[in-house]
Amino acid sequence: MRRRERGFTSVELIVVILVLSLLTASIIIKNPFSISDYSSIAADQLIADIQYVQMRAMGMRVPQFIQLRVDAGDYGIYDVAGVRKRLPGNVKVTGTGFGGLIWFNSIGEPDNSGTIELSWGKTAGGQTIRVYASTGKTVIE
């Protein structure tokens with residue numbers, strides 16, 4: 001008996017497309033992530049970069065700093081080349097107790113302690129990041 005190999009039928013293709021559409025719709029509906037979550041993502045990113053600058057200062061045994069621009073969505077990690085990074089979404093640094101710069105000496109101590117205020121878009125609230133003196137420990141409050 002000879003088999004016909006003609007590929008997929010139109011009905012089979014339509015069924016596959018419908019199933020994939022339903023799966024995609026259910027994933028989008030059940031995804032808990034929303035645009036307002038950008039402030040917590042930005043806070044985690046900024047904390048990771050502050051810790052990176054601290055470790056870099058200890059590893060290279062030379063002072064390193066990170067520069068925060070108030071009312072802007074970016075910040076700089078500076079060494080010989082200098083790198084500017086953007087915060088995700090519309091998250092901006094709305095206030096800082098560091099005067100814009102966080103210096104870490106060669107043993108990883110920050111020059112002082114303070115907080116960094118992040119806010120998303122025009123809404124009030126957001127995240128507050130604290131950097132402690134002596135240890136450089138960085139946490140979300």
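None of these values were measured; they are calculated from a predicted model.
To the nearest 0.5 angstrom, Asn112 atom CG is 14.5 Å from Tyr132 atom OH. Between Phe104 atom CZ and Met55 atom CE the span is 10.5 Å, to the nearest 0.5 Å. To the nearest 0.5 angstrom, Ile66 atom CD1 is 11.0 Å from Gln51 atom CD.
In this structure, Val70 and Thr94 have side chains that are not in contact, with every pair of non-hydrogen atoms separated by 4.5 Å or more. By the 4.5 Å heavy-atom criterion applied to side chains, Ile102 and Ile116 are counted as neighbours.
Residues Ile77 and Val131 are members of one and the same hydrophobic cluster, defined by side-chain heavy-atom contacts under 4.5 angstrom among Ile, Leu, Val, Met, Phe, Trp and Tyr.
Side chain of Gln54 to main chain of Thr135: a donor-acceptor pair is present (N/O by atom type, distance under 3.5 Å, no hydrogens or angles). A side-chain donor-acceptor contact under 3.5 Å links Glu12 to the backbone of Thr9.
Taking Lys137 as the reference, nothing meets the side chain to side chain donor-acceptor pair (under 3.5 Å) condition, with sequence neighbours excluded. With sequence neighbours excluded, the residues forming a side chain to side chain donor-acceptor pair (under 3.5 Å) with Glu117 are Thr128, listed by chain and number.
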- Item | Pair Lys85-Asp49, side chain to side chain contact (heavy atoms under 4.5 Å, CB included): steps then yes or no | CA-CA 10 Å; Lys85 294 185 80 174; Asp49 286 333; 3.0 Å; yes
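Judged purely by distance below 3.5 Å, without hydrogens or angles, the side chains of Gln45 and Tyr75 pair a donor atom with an acceptor atom.
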